[in-house]
Structures are given as structure tokens and as C-alpha cells.
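Counting convention: from 1, in listed order, for ligands and their atoms alike. Quick note: numbers below take in every heavy atom, side chains included, and nothing from hydrogens, waters or symmetry partners.
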Amino acid sequence: DHNKLALPVGTTLDRFIMRKQEDFPYATGELSQLLRDIALAAKIVNREINRSGLIDIAGAYGNRNVQGEEQQKLDVIANIRFIRALRNGGEVCTIISEEDEEMIQTGNVQGKYVVAIDPLDGSSNIDVNVSIGTIFSIYRRVSPTGNEGTEQDCMQTGTNQVAAGYVIYGSSTMMVYTTGNGVNGFTYEPSLGEFFLSHPQITSPKTGSVYSINEGSSEHFSEAMAAYVAYCKQQNYSARYIGSLVADFHRNLLKGGIYIYPATKKSPNGKLRLMYECNALAFIVEQAGGKSSDGRTRTMELEPKGLHDRCPLFIGSTELVEKAEEFMAREH
Ligand code: AHG
Ligand code: MN
Ligand code: MN
Ligand code: MN
């Protein structure tokens, strides 16, 4: 029972990680160190985001990434910062990132962990002062240490995740993560450079009255998808869509709601990426009592075929996701 260590609000992230490590007698501290490395990079990226209007790091970088998206300068900066922190931390052998086509070998061939990361989520919102985020997912490597990580290490099903989390750079900056024993949220105090436990044992409402979907694409929705959106309107749900998955997800996690990025005729597998967006948030939402699927199959059981696989995402309060799945099941 993961409540045995209900640490008081105000505990620092470092102390929390250390105390939780005591739950695992055989833990040798590598995962704890890895979580600290991620928190360090988050502090650095947070500072750069908060200054982006003041120093010349706003706007487009001038490259397209493997997704065919116009990379923003902060996409690239965040990518560099997280890769450097994970390389220097020594616990991670290989990284897959939204911003790099190939696996990134850190040189830490003794590293036991692999990380999949979306270094900056919500790139279209960077220059307009709207919340953005970072999403990460952590696996234990399956190949023997002593060599570089392999594709098998990087393309494990979501059920193999040992930890997952996100950072939301919003009105306050928070880090929310799980290691499989519940979900805990930490709020950053910049003047002290510390994350403090502010949202212990987050549990998501079983239902809600918020739906998040880009209705600008509704001309391309399937009939079943259109029928479910009509149902949400009949239920008088509120439409909330920020355009940053992390921000929409975080609000729905705390208040109840459903976020959908569906398959459309233009994007038959949807837009969001399985390894570093969907699986990470699916692990978190399930640990908080919610649900995540592609409309039919549990997200964490989807078999990855490529590092940048896309999949439709239906994620949030259990009852809302199950209702949406009922509609999608009517689709022949
Ligand atoms: P990213 O910025 O990491 O590429 O992700 C953007 C994603 C997600 O954050 C957001 O919910 C979604 O793209 C918005 O897509 P649309 O503009 O197509 O709705
Ligand atoms: Mn992107
Ligand atoms: Mn993203
Ligand atoms: Mn991104």
C-alpha cells in the first residue's frame, strides 16, 4: 500500500525520491538519480522558457524535425538540455526524442535505463506565453549492459515503463510523475531552486464534464467520433482545448475530463506519438485511476513498430473514456 509513506506537503523532491527509494530494499539508487537528473534539466529549461521573450531564443529554429514539423528554437534548446543532463547523469544508455530521428547513444554503456522524451510539448504555444511542457518515459534496458542500447530497448510496450512523468511550465512550474506507486505532483519555487511536494497521491475524478479535442478537424472525424462529440454537447460538457497536450492533460487529471486526439482522414494514426507522449501519460493516468486507449486498445498495450509511431489518444476520467470507446466500437 503506497500510502505507508504519506510524506507531508512541503517535502522537497530530493527527500521524497530518497524516502520512496527506501520502499525498494534492492534499489541501488540509479532510478532515483535519474529522476534527479530530469528535475535538474527541468529547472534549466524552465529558466530559459521564462526568459525566451528577453533573449533571442523565441521563434523558429529554421529546421524541420523527423515529424516534418518546423522546429522552434526552444524545442532544440530543451532537447539539448535534457539529453545533456541524462548523458552527464550516467544512468541512461540510450534516449529517443521527438526531435531526433535516430536513437541517441549517451555513451553510458553501463546505464541500465532508456528514456523516451518529448523535450518540449505544445511548441505552437511557446511564443504566446501559453503553458507548455516536457513529457518523459523511463524503461529498464532489456539488452545486457556494456554495449549501446538497442531498438528493442527503445521500443518496449508501455506496460514495461518503470517511471513516467511530465513537467508543466505554466502559471507555476510543476513536475508530476509516477514510479508505479501512485502519482505525486511537485511545485517549483524558483527563488529556492527546489521542487516541493504540493499534490500528494493525485487521484483523478472517475468522471467529469470537460472534453478536449480540436474541433477544427471535425470535418475529418469519423462518424463515430463526430457522434461522440455531439454526445458531449448534449451532455453540456465544457470544451477546453489549449493546444498543449500536457496542459490539457494536467487540468483533466485534477478536475476530471477527457482529451482526444483522434485518427482523422488526414492523420489515420492521429498526431500524438506513442513512445514519448501517449505511453507516459497513459501510465500516469492509470496510476491516478483514469484510463487511456486508442479508442479500442489500451495505450500501454500497443506494440511499437517504430521510434516515432503515432496512435490515436483517448485519455482521462475512466467513465468518459469508456463512453467514448462505446461510440468508437459502433464504428464498423
Ligand atoms: P509537440 O509540440 O510536442 O509537437 O506536441 C504538440 C501536440 C500536443 O501538445 C497538442 O495537444 C497537439 O499537438 C495540438 O495539435 P493540433 O494543433 O493539431 O490540435
Ligand atoms: Mn513537435
Ligand atoms: Mn508533444
Ligand atoms: Mn514536442
Using 4.0 Å as the upper bound for N to carboxylate O, is an ion pair formed by [Y] and [X]?
X	Y	answer
Glu331	Arg296	yes
Asp14	Arg36	yes
Arg141	Glu30	no
Glu70	Arg64	yes

Closer than 4.0 Å to some heavy atom of [X] - which atoms of ligand 1 meet that?
X	result
Glu277	3 (O), 5 (O)
Gly122	1 (P), 2 (O), 3 (O), 5 (O), 6 (C), 9 (O)
Ser123	2 (O)

Can you report which non-hydrogen protein atom sits closest to [atom], along with the distance?
atom	result
atom 10 (C) of ligand 1	Gly243 O, 3.3 Å
atom 18 (O) of ligand 1	Tyr261 OH, 2.7 Å
atom 5 (O) of ligand 1	Asp121 OD1, 3.1 Å
atom 13 (O) of ligand 1	Lys271 NZ, 2.9 Å
atom 7 (C) of ligand 1	Leu272 CD2, 3.8 Å
atom 14 (C) of ligand 1	Tyr241 OH, 3.4 Å

The Mn ion (ligand 3) to Asp118: nearest N/O/S atom name: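 Output for this pair reads OD2.
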Shortest non-hydrogen separation from Asp75 to Ser123 and the atoms involved: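 Answer, listing the atom of Asp75 first, then Ser123: OD1-OG, 2.7 Å.
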Which heavy-atom pair separates Pro119 from Glu99 by the least distance, and what is that distance?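 Minimum heavy-atom separation between Pro119 and Glu99: CG-CG, 3.8 Å.
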Does any N/O atom on Tyr259 come nearer than 3.5 Å to any N/O atom on ligand 1?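 Yes: some nitrogen or oxygen of Tyr259 is under 3.5 Å from one in ligand 1.
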N or O pair under 3.5 Å between Asp248 and ligand 1: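 The answer is no, given that Asp248 and ligand 1 share no N or O pair closer than 3.5 Å.
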OE1 (Glu69) to the Mn ion (ligand 2) to OE2 (Glu98) angle, given to the nearest 10 degrees: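 The two atoms subtend 80° at the Mn ion (ligand 2).
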So does [Y] get a backbone contact from the side chain of [X], meaning a donor-acceptor N/O pair under 3.5 Å?
X	Y	result
Asp248	Ile242	yes
Thr173	Val167	no
Gln156	Gln161	no

Once rounded to 10 degrees, what value does the angle at the Mn ion (ligand 3) take between OE2 (Glu277) and OD1 (Asp121)?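 The OE2/OD1 angle about the Mn ion (ligand 3) sits at 110°.
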Counting only heavy atoms closer than 4.0 Å, does ligand 1 sit against the backbone of [X], its side chain, both, or neither?
X	answer
Leu120	backbone
Ser244	backbone
Glu69	side chain
Leu245	both
Asn214	side chain
Phe249	neither
Arg273	side chain

Aromatic plane relationship, Phe16 with Phe186 - under 30° parallel, 30 to 60° tilted, over 60° perpendicular: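 The arrangement is perpendicular - the two ring planes meet at more than 60°.
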Parallel, tilted or perpendicular: which fits the ring planes of His250 and Tyr166, with parallel below 30° and perpendicular above 60°?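 Ring orientation of His250 relative to Tyr166: perpendicular.
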Side-chain touch Met328/Ser222, heavy atoms, less than 4.5 angstrom: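 Contact flag for Met328/Ser222 side chains = yes.
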Report whether Phe221 and Leu320 are members of the same hydrophobic cluster (ILVMFWY, side-chain heavy atoms less than 4.5 Å apart, transitive linking).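 Result: yes, single cluster for both.
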Proximal candidate to atom 3 (O) of ligand 1 [heavy atom criterion; set Asp118, Asn65, Ile126]: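 It is Asp118 whose heavy atom sits nearest to atom 3 (O) of ligand 1.
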